[in-house]
Amino acid sequence: VGVLPDFPYEEHTLQLEEGDRLLLFTDGAVEATNENDDQIGQQILLEELGLHRELPAKACLEKILRRIDDWNFGDIPEDDVSLLLIDVTG
């Protein structure tokens with residue numbers, strides 16, 4: 001993950017509970033473009049996460065990555081696409 005000096009980052013606190021999932025991703029994941037140069041955006045990633053919430057983390061990530069790849073028509077992304085899915089357990 002690249003960090004830019006003097007960039008105005010925001011800090012937030014979030015209380016996670018057992019059963020929650022946290023999806024972290026690089027900008028390349030939401031900036032993947034289709035044939036019309038439309039970006040996939042965060043909303044579609046969140047929809048995919050919701051659609052596959054019952055799957056194990058690895059399978060869920062595979063579904064999300066497939067959706068990004070389909071959106072991008074299988075082309076090599078212009079930017080890196082990194083995802084990290086964390087399941088909160090007790």
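Numbers here simply count residues along the sequence, with the first being 1.
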Before you tell me yes or no, could you show the steps for Thr33 and Asn72 under side-chain contact (heavy atoms from CB on, under 4.5 Å), namely the whole-Å CA-CA distance, both residues' side-chain angles and the distance that decides it to 0.1 Å?
CA-CA 6 Å; Thr33 56; Asn72 203 38; 4.3 Å; yes

Determine whether Val88 and Arg21 satisfy the following criterion, side-chain contact (heavy atoms from CB on, under 4.5 Å), listing intermediate values before the conclusion.
CA-CA 6 Å; Val88 179; Arg21 276 192 159 164; over 6 Å; no

Report whether Leu65 and Leu45 are members of the same hydrophobic cluster (ILVMFWY, side-chain heavy atoms less than 4.5 Å apart, transitive linking).
yes

Would you give the length of the straight line joining atom [atom1] of [X] to atom [atom2] of [Y], rounded to the nearest 0.5 angstrom?
X	Y	atom1	atom2	answer
Asp80	Asp27	CG	CG	6.5 Å
Leu22	Asp87	CG	CG	10.0 Å
Glu47	Ile40	CD	CD1	9.5 Å
Leu83	Leu24	CG	CG	9.5 Å
Arg67	Leu49	CZ	CG	13.0 Å
Ile64	Leu46	CD1	CG	8.5 Å

Side-chain donor or acceptor of [X] paired with backbone N/O of [Y] under 3.5 Å:
X	Y	value
Thr26	Ser82	yes
Asn34	Asn36	yes
Asp20	Glu17	yes

Within a reach of under 6.0 Å around CD of Gln42, are more than 12 heavy atoms found that belong to other residues, nucleotides or ligands?
no

Flag yes if more than 12 heavy atoms outside Arg66 fall under 6.0 Å of its CZ atom; otherwise flag no.
no

Apply side-chain hydrogen bond (donor to acceptor under 3.5 Å, both in side chains) to His52 and Glu54, showing your working.
CA-CA 5 Å; His52 308 296; Glu54 299 302 323; over 6 Å; no

Under the side-chain contact (heavy atoms from CB on, under 4.5 Å) criterion, do Val30 and Phe25 qualify, and how do the steps go?
CA-CA 8 Å; Val30 294; Phe25 51 87; 3.4 Å; yes

After noting the C-alpha distance and the side-chain angles of Glu48 and Cys60, does the key distance pass the side-chain contact (heavy atoms from CB on, under 4.5 Å) rule?
CA-CA 8 Å; Glu48 285 296 307; Cys60 184; over 6 Å; no

Would you call [X] and [Y] a side-chain contact if the rule is heavy atoms closer than 4.5 Å?
X	Y	value
Val81	Asp79	no
Asp38	Trp71	yes
Lys63	Leu55	yes
Ile68	Ile44	no
Ile86	Leu16	no

